[in-house]
Amino acid sequence: MNMRREQLAIDPEKCTGCRRCMIACAMKHHGRIDPDLSRVNIIGLDSKDLNVPVICMACDTAPCIKVCPMNARIRQANGTVTTDTDVCIGCRACVYICPVGSPRINPYTGRTMTCDMCEGETEPWCVAACRQEKALTLCTQGSVSHRAARKAASKTKQFHTGG
Amino acid sequence: MKLVIIGNGIAGNQVAFDVRKKDPDAQIVILSAEDVPEYDPCSLPYFLGGECGRMDVFRKTSKDYADGRIDLLYDSKVVSIDPENKTVTTHTGEKIGYDNLVLAHGGDLFIPPIPGIDTPGVFSCKQLGETQKLAAHKGTRAVVIGSGAIGIEAAEALKRKGYEVYIIELMDWILPSLFDEPTAKRLENELTGYGIQVFTHEKVLEIKGAGQVIAVVTDRRTIDCDTVVVATGVVPGTALAQTAGIETGRGIQVNRQMQTSVPDIYACGDCVETIDACTGEIAMFQLKHNAIEQAQVAARHILGEPVRYLGAYAFARAHFFDTHAATFGKTQRALDCVFGDKRIVEREDQNNYLRVVMLDNRIVGGQAIGTFADELGLLIGAMWRKDDFLDIAAKMRTLPKGGAVHAWPMVRLGTLLGM
Ligand SMILES: Cc1cc2nc3c(=O)[nH]c(=O)nc-3n(C[C@H](O)[C@H](O)[C@H](O)COP(=O)(O)OP(=O)(O)OC[C@H]3O[C@@H](n4cnc5c(N)ncnc54)[C@H](O)[C@@H]3O)c2cc1C
Ligand code: SF4
Ligand code: SF4
């Protein structure tokens, strides 16, 4: 398993629900202003006036990799877990087993997509889009929030394997 | 150390490559009853339906075995094990010695004793070879016997290929071990909507045809057809283990380190009987993620690492055309013989449906169709954590609007449950 050097941290307290991150993500990956094409998802919990950014945590023992019938969920060298869209058949097993429900379905192809940390960029575009609110931030290895984020990600491991 | 693995499936390969990663010196041999590198049985229905190519079903190439210095012996079906002399015998009579042996030969298709089951035109979808034959077969009307996940997937695949498709299920509703009746009836309606005919509570009596299938006779009707697919379940391969005197129940019995009752023999994957990670009950889930995790445990123990398997978990999806559904944990029916305060929470919104099964205010299972399924992982998490439903309900009532931010995971769960 690859430990990620960088981790996105979410802070629902700071999220205003503006969804600029979703636009930025769709622009970065598809060149379109279309929130349906975003890998970040802002879930509005209206009953309590809450907005929660949902994004792939790249779990240490990612259950989505094990349940995919097409072996399309792949751990990348940078630690992220992404979908090989050439073989994904859109069965959504990865969506159902994900503890946060993070994989999103590309409505045009029916295949899944998750965060790839904008490989090659200095900073993920969603983080740049959220610079003012700081609901989405990037923490690098060794920082306190990085450790907290990794702890959250390894919780999945406890859910799914108990170890 | 010489490690011999029986079965070139998901579990066998996981053990072989995990051991190789940490032990460069071990001699590793995989004995395979088939003649291809590792493939994923889960993807076979999609190959059959033309949703993916033949190459996409493979998880390994011959080069992977060469690079890993793993000897993969094709057409080597093991017929007996001699634990005293530490050898296994293949169907050609060849004897192979081992220091550690791993049984990873999965399960066998259950073939119901129906007259005519050997007639040409009767296929299955369990292994690549058989699925290829079915894919090459040119028919127009197919009867699928059995409506488990494999039966439904095979039916969809044949429908995609242009067949007229009929499903026959002995029980009262389709996917009987995975879904409760209200969920299954909805799925059945969807199948019918796609033009797949479903007959439940019906028993196949005979497959007719001399030299080629011409009809399937049930206790209610006769269906003319030229193709039959048998999808009546998978039974763990215990017979081979019994030749070594290994204890078996419904499957091969193993401890938390995946060791069988005979020293130096491990077992993992579809052939074993384990425990449910949540309830501690005996479990036979026969699912890919369990096979992988059991194999990882076996490999670590072979390598001398301290490790303890925590159990298998039930999670399956039912997906055909534009219908998406999933299930986890126990069904309501599985709780029938359990004491306790049982409660079913249901939500419905157009074609989307959620059904949560609770026992003593804790989630023990759930089923969902459509958008509700997309957040099923939250419920699975709640089941693992044994969250108290009454606590969540109380929190949802008392948390102030705008001031609940630290409780957001609970609010998300409560919102999904319709609170
Ligand atoms: C059509 C289909 C769809 C499925 N879909 C899903 C799904 O969506 N999700 C899910 O979680 N699971 C699914 N499964 C189940 C999943 O494929 C199995 O749980 C998994 O493959 C088990 O792995 P295994 O290694 O134990 O057995 P297998 O993968 O079955 O491998 C066993 C291997 O051993 C070989 N073998 C058998 N006997 C001998 C012998 N005597 N000597 C030598 N070799 C032998 C066999 O040829 C086979 O290659 C599906 C199964 C099928 C058939
Ligand atoms: S289970 Fe979910 S959060 Fe974890 S790696 Fe997979 S998609 Fe990402
Ligand atoms: S939707 Fe695609 S990536 Fe997800 S489990 Fe299914 S095939 Fe794999």
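Bear in mind that the values here come from a model prediction, so they are computed numbers and not experimental data. Residue numbers begin at 1 in each chain, while the letters A, B, ... track the order of the sequences.
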Segment of A:V100 engaging chain B (4.5 angstrom heavy-atom cut-off)
both
Is chain A contacted by the side chain of B:A373, its backbone, both, or neither, given a heavy-atom distance below 4.5 Å?
both
Under 3.5 Å, side chain of B:T327 to main-chain N/O of B:L178, donor-acceptor pair present?
yes
With a 4.5 angstrom heavy-atom cut-off, could you sort out which part of B:R412 is near chain A: side chain, backbone, both or neither?
both
Are B:Y313 and B:H289, when compared by the centres of their aromatic rings, separated by less than 6.0 Å?
yes
I'd like to know if the side chain of B:R397 reaches the main chain of B:K395, judged simply by a donor and an acceptor atom lying under 3.5 Å from each other, with no hydrogens or angles considered.
no
Picking from A:P69, A:P12, A:S47, A:A72, which has the most non-hydrogen pairs under 4.5 angstrom with chain B?
A:P69
Test item: A:R32 side-chain N/O and A:A26 main-chain N/O as donor-acceptor pair under 3.5 Å:
no
Among B:G414, B:A326, B:A407, single out the residue with the greatest number of heavy-atom pairs under 4.5 Å to chain A.
B:A326
Just so I understand: if I count every heavy-atom pair under 4.5 Å between each of A:A93, A:G110, A:G101, A:C15 and chain B, which residue has the most?
A:A93
Any sub-3.5 Å donor-acceptor pair from B:D18's side-chain atoms to B:Q296's backbone N or O?
no
Please look at B:A325 and chain A and tell me whether the side chain, the backbone, both or neither of the residue comes under 4.5 angstrom of a heavy atom of that chain.
backbone
Cation over ring, B:K60 on B:F17, under 6.0 Å and within 45°?
yes
So which of A:D49, A:N51, A:I105 has the biggest tally of heavy-atom pairs under 4.5 Å with chain B?
A:D49
Contact part of A:C68 toward chain B, heavy-atom cut-off under 4.5 Å: side chain, backbone, both or neither?
backbone
I'd like to know whether CD1 of A:I74 has more than 12 heavy-atom contacts from other residues, nucleotides or ligands below 6.0 angstrom.
yes
Under 3.5 Å: donor-acceptor pair, side chain of B:R300, backbone of B:R308:
no
Can you tell which part of B:I292 gets under 4.5 Å to a heavy atom of chain A, answering side chain, backbone, both or neither?
side chain
For B:M383, is it the side chain, the backbone, both, or neither that has a heavy atom closer than 4.5 Å to a heavy atom of chain A?
neither
B:P400 versus chain A, the contacting section by heavy-atom distance below 4.5 Å:
backbone
Heavy-atom distances under 4.5 Å only: say whether A:D46 touches chain B with side chain, backbone, both or neither.
backbone
Going by atom types alone, do A:T114 and A:R73 pair a side-chain donor with an acceptor below 3.5 Å?
yes
Could you check whether any side-chain N or O of B:Y194 sits under 3.5 Å from a backbone N or O of B:D322, counting only pairs where one atom can act as donor and the other as acceptor?
yes
Interface residue of largest heavy-atom contact number with chain B, from A:V52, A:N71, A:L50, under 4.5 Å
A:N71
Determine the option with the most heavy-atom pairs under 4.5 angstrom with chain A, choosing from B:E375, B:M419, B:H406.
B:H406
